[in-house]
Structures are given as C-alpha cells and as structure tokens.
Amino acid sequence: MSATWLDHAIATVAPRMAARRMMARQAFETLTRGYDGAARGRRTEGWRAPGSSADTEIGVAGALLRDRMRDLVRNNPHAAKAVAVLVNNIIGAGIMPRAASGDDKLDRKVDALFERWTADCDADGQLDFYGLQTLICREMVEAGEVLVRRCLRRASDGLPVPLQLQVLEADFLDATKSGALGAGRLVQGIEFDPVGKRRAYWLHAEHPGDAYGALQNGLQSRPVPATEIAHVYEKQRTQARGVPWGAPVIRSLRDLDDYEVAELVRKKTEACVTAIVFGDDEAQQGIAPSVVDADGNRVEQFEPGLIAYARGGKDIRFNQPAATGGYGEYKRASLHTISAGFRVPYELLTGDLSQVNYSSIRAGLVEFRRMIDAVQWQIFIPMLCAPVWRWFTEAAWAAGQIPEPDVPVEWSPPKFDAVDPYKDAMADLLAIRTGTMTLAQAIARQGHNPDAVLAEIAATNAKLDDLGLVLDSDPRRVTKTGSAQAGDPASAPAAPASETEKE
C-alpha cells in the first residue's frame, strides 16, 4: 500500500501521526480482504450452504438419495454403465488373498482351505466369495453403503469352515434409531460407546420395503454386535453412513432424461401432422383448424400422416419439421458432467473413442486407475476383505483346522489390462532387471499368486526335462533334444541372440 499525497503532507508536520494513520489504513484493508466464495451479495443470494454435520445431512437425504439412484440405475443406461464400469475395475475377477505367515506349509494349508470355503461362503447359496465381492461393491457404489453379516454355522452343516456371509442392503439399518443411549449414542441405527467406537448395528428382521416383511412385523429392529458386521462405504467426511457415488449428478442424469424425452415427443408431434388445409381468404384463415375423420367427427389425437382441415379450407400447406440443432453437443457436454460426477472417464462411460489416441487414453486411464487403486486398498480391503479373512481364520481355528487364529495375509487386486501389452511388459522387465521390482511383485500385479505361479513354472520345466523337450527363444520351435527334422520350422537355425538375451 503506497502513501498518498495527504500522508506525505501530514508526515512533514507530524511524522508519528502519519505513521499511525498508515498502519491503521493497512489494518483496515486487511480486515476487508476475504474469499470471493464466501462473499454475500446478489450473485450468491440463492446459495444455500448450511453448516450441518455430515450425519445430519445424510440423515435427512440418505434414504431419498438411495431410492433415486437405484431408480436411475434401473432405467437410465448411463447410470447403469457408470456403476458397471466402477465395479468391473474395482473387483474384476476378484480381490484374492494369499496367506503370508512365513511358514510355507501353513500358508499352503490355509490357502487351500480358503479356496474350498469360497464356494460355500454365501448364505444364500448362489455366489462364491468373489461373486459376493462384486455384489457388495455394486451396493457400495449404487446405494452408498452395504452391510455384511457373519453367520456362524454348526459343524454338522458340512461346510469346509463353519462360516457364511450374508449381504444386507443399507435399508436393513434402522435409521430412526438416533439419540443418546446411556453413556453412548445412536446415529441412524449405529450404536457407539462412550469413546466413539462402534458397538452395535440396529437391524430390521426383514427389508422395510418388502410387503411380506412388513406384515410379519419386520419393521422392528434389534442390535447386532459390531464384531458381527462389516460396514462397507466411502468416508468422504467423518460420517457414520455412506451416500451413493452418483449423488453429485443425480439431477444431471434426470435432466438429460427429460431433455431426450421432450426432444423425442417434439419430433413425433411434428411427424404426425403431414399438412393443414387453410381457407382461401383471411377471414377463414383466422378460424382455428378443426380436425375431423371421414364421418365428420372431431379428432383430438394426432397420428402419423394426419391432415388437418380448417373450416372452409381450400389451400393446403405441408408441415416442415425443424432440424434439431445442438442436440449432440448438449448430450456430449452432459455426459462429460456425468462422467466427472461418477469419477469415470468419458470414454469408458459412453464407449465413444472417436476423440482419443493412445497417449490421451493412457493418460486418462492412469488417473482413473490410481483412483481405483486407492478405493481397493483404502476402502474395500480394510472394510470388507480384512474382516472376512479374520472371521475365516477364527472359524477355521475354532474348528481345529488350523493351529492359530491369526494368520497374516496379502491381497492381490485384479490386474489392469494394458493399453499396449508389449510396452507394459517391457516396463515390468526393466523394473525387475534394475531391482526396483521383484518377480513376485510383477506376478502379483497380474492378479495371480506368485508362489502358485512359480511352482507351476518349476513343475512345467521339470516335465519338459523328463520329456526331453527344449523350448527355443522362438516360440514356434519346440523340439526334442537332438531330434529336430530338416525342413521343419523347428530345424531352422535360431536367430542371433540380442545383447539383452546374451546377458
């Protein structure tokens, strides 16, 4: 802030007074500064921004957001595709565990037991563990949250491990249970102890939206210990419950639906009226047209090929439907907004690859895959996979099938398919040779168990040795030692080894 001529004039007579004046002006200007986004005025007059907590906001809007999002997924192809893209990338073929206790014998035993258990882990008896992952992830994205309940079974049930999983929609949680409860509190059906730890979930016996359940007094709820429940949702704030991932674009999806319906109705209406017969003078032309059928009865519904007659009409004028301008541009812009709200690349949401090349699609997928990686490791694995593994090892130990209840585990999410497989393979090869990545890590990135893959490679090599087969660097040449026949592709001289192969 520069001094004015008045400041200089005062300073010549009273320097201290001029300095105090300058400091006061500087302090006043500092107080008047602020964020434009927090300004109040005509431009922000209708902007509602309450300072309520996340639990309060979700308590008011959560159920309606779930219902509207489910309706859009049922009836809007773009919402359905966005949910499918997220689920396919987060889960794929499944997030697979691998025991990592350090005891090879124990690890193999636990892995084999888990593999047998996955086929019977569904309480409904329809899906395996990886199918349940897909269902749970879909509910997390579409409805915002999902509950998984541990169901302990009897040894007489004949299960590999006496444990099954029951998937419950968020509606089972009794949102009316809120308020103080002794020294703890209830927040929309979730009970917290005095230190803020989850103690119980108040669950309905039946789905509140099920007519049979309501008739059977299914709207009553009772507490289930939190140790029996895995609550899977994305925490965007410190809220107790989740919201649908498409919540920011629910209105955009609905507006796009309405726009397309209105445009379709307009085009159908224009196509119905083929021509209108007007009167031959101005007085008759001012009379409203009367649409009649062959018997002279008034017709009040348009249909294709309709010709409308005005009273005394003698002159015919054909309808010329107007061209729809800007429809494609508006829809493309709306879909860009919708893809941003779902955090899905526009190309994956629409399947439109006309505007991309290798570099642009790879750049877009890198950011998308980074987001998917964060969801897998920060939400899905700690909220679902880790509790399920703990339940599994505890049940197996209680059944006397493994010697200890706590077995460390490593998780392998599904691999991302390469845009250019050769380039990605060469990048992995360089990383392994430079020591920045191990072979086991490279195999795990492909979604496989490194120990199983290496054991299979060793078994295959041993079998090849027993059969006397030699695998050449050229995959077309597979020969028995010293038995290559002249004239066969296998008998052709091998190409000179590259410098990399020589090493």
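Sorted by first then second residue, the side chain to side chain donor-acceptor pair (under 3.5 Å) pairs that include residues 332-349, not counting sequence neighbours, are Glu234-Arg343, Tyr346-Asp352. Here side chain to side chain donor-acceptor pair (under 3.5 Å) pairs that include residues 78-90, with residues two or more places apart or in two chains, number zero. The stretch residues 184-196 participates, sequence neighbours left out, in these salt bridge (charged side-chain N to carboxylate O under 4.0 Å, His left out) pairs: Glu191-Arg199. Note on residues 148-159: pairs passing side chain to side chain donor-acceptor pair (under 3.5 Å), not counting sequence neighbours, are Arg150-Glu228, Arg150-Glu394, Arg153-Gln164. Among residue pairs with one or both ends in residues 142-192, those qualifying as ring pair (Phe, Tyr, Trp, His ring centres under 6.0 Å) are Phe172-His207; sequence neighbours excluded. Within the structure, side chain to side chain donor-acceptor pair (under 3.5 Å) contacts touching residues 45-55 (residues at least two apart or in different chains) are Ser52-Glu57, Ser53-Thr56.
Taking Arg116 as the reference, nothing meets the salt bridge (charged side-chain N to carboxylate O under 4.0 Å, His left out) condition, with sequence neighbours excluded. Among residues two or more places apart in sequence or in another chain, the salt bridge (charged side-chain N to carboxylate O under 4.0 Å, His left out) test is passed with Glu115 by none. Partners of Glu145 according to the salt bridge (charged side-chain N to carboxylate O under 4.0 Å, His left out) rule, which considers only residues two or more places apart in sequence or in another chain, are Arg66, Arg241. Checked against side-chain contact (heavy atoms from CB on, under 4.5 Å), Asp120 has the following partners two or more places apart in sequence or in another chain: Leu159, Pro160.
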Show every donor-acceptor pair shorter than 3.5 Å between a side-chain atom in residues 122-135 and any protein atom, with sequence neighbours excluded, or say none if there are none.
from: Asp122; atom 1: OD1; to: Asp124; atom 2: N; distance (Å): 3.0
from: Asp122; atom 1: OD2; to: Gln126; atom 2: N; distance (Å): 3.2
from: Asp122; atom 1: OD2; to: Leu127; atom 2: N; distance (Å): 3.0
from: Asp128; atom 1: OD1; to: Tyr130; atom 2: N; distance (Å): 3.2
from: Asp128; atom 1: OD1; to: Gly131; atom 2: N; distance (Å): 2.7
from: Gln133; atom 1: OE1; to: Ile95; atom 2: N; distance (Å): 2.8
from: Gln133; atom 1: NE2; to: Ile95; atom 2: O; distance (Å): 3.1
from: Thr134; atom 1: OG1; to: Tyr130; atom 2: O; distance (Å): 3.4

Name each donor-acceptor pair under 3.5 Å that joins a side chain in residues 407-415 to protein atoms two or more places apart or in another chain, with its distance.
from: Glu410; atom 1: OE1; to: Arg98; atom 2: NH2; distance (Å): 2.5
from: Lys415; atom 1: NZ; to: Asp417; atom 2: OD1; distance (Å): 2.9

